[in-house]
Amino acid sequence: MRGPAIRAGLRYGAEAFALGFFLGTLRIMVIAPATGTLVAVLIEIPVMLSAMGWRARRIITARAAMASISARAAMGPPGSRC
């Protein structure tokens with residue numbers, strides 16, 4: 001039961017890292033020189049949060065094994081387990 005949850009968590013983490021790497025590079029090279037560092041970060045935050053919220057929902061609904069609350073809790077970081 002925990003195998004699919006761990007794989008889903010690893011996938012989510014890898015996708016979050018890749019998106020953060022891409023958006024961070026875009027922010028530093030394109031947006032920050034034009035708007036300043038703080039404004040660039042404030043532009044990046046909602047994009048990152050909404051994209052990762054959407055991805056988390058898609059990962060969970062794509063797998064029948066992730067239907068239970070315990071499987072969803074196992075997908076999170078070790079300190080957040082119930």
For I28, give me all partners under side-chain contact (heavy atoms from CB on, under 4.5 Å), at least two apart in sequence or on another chain.
none
Do F22 and V47 belong together in a cluster built from hydrophobic side chains that touch within less than 4.5 Å?
yes
Report the hydrophobic cluster partners of L38, with the cluster defined as I, L, V, M, F, W, Y residues connected by side-chain heavy atoms closer than 4.5 angstrom, directly or transitively.
L42
Using the side chain to side chain donor-acceptor pair (under 3.5 Å) criterion, which residues pair with R58? Sequence neighbours excluded.
none
In chain order, what residues pass the side-chain contact (heavy atoms from CB on, under 4.5 Å) check against V39, with sequence neighbours excluded?
T35, I43
Would you mind listing the cluster partners of F21? Hydrophobic ones only (ILVMFWY), side-chain contacts under 4.5 Å, chaining allowed.
none
Indicate if F17 and L19 have the same hydrophobic cluster label, given that clusters are the connected sets of ILVMFWY residues with side-chain heavy-atom separations under 4.5 angstrom.
no
Can you run down the salt bridge (Lys or Arg N to Asp or Glu O under 4.0 Å) pairs that involve residues 29-40, sequence neighbours left out, and say none if there aren't any?
none
Selection residues 35-56 - residue pairs positive for salt bridge (Lys or Arg N to Asp or Glu O under 4.0 Å), sequence neighbours left out
E15-R55, R27-E44
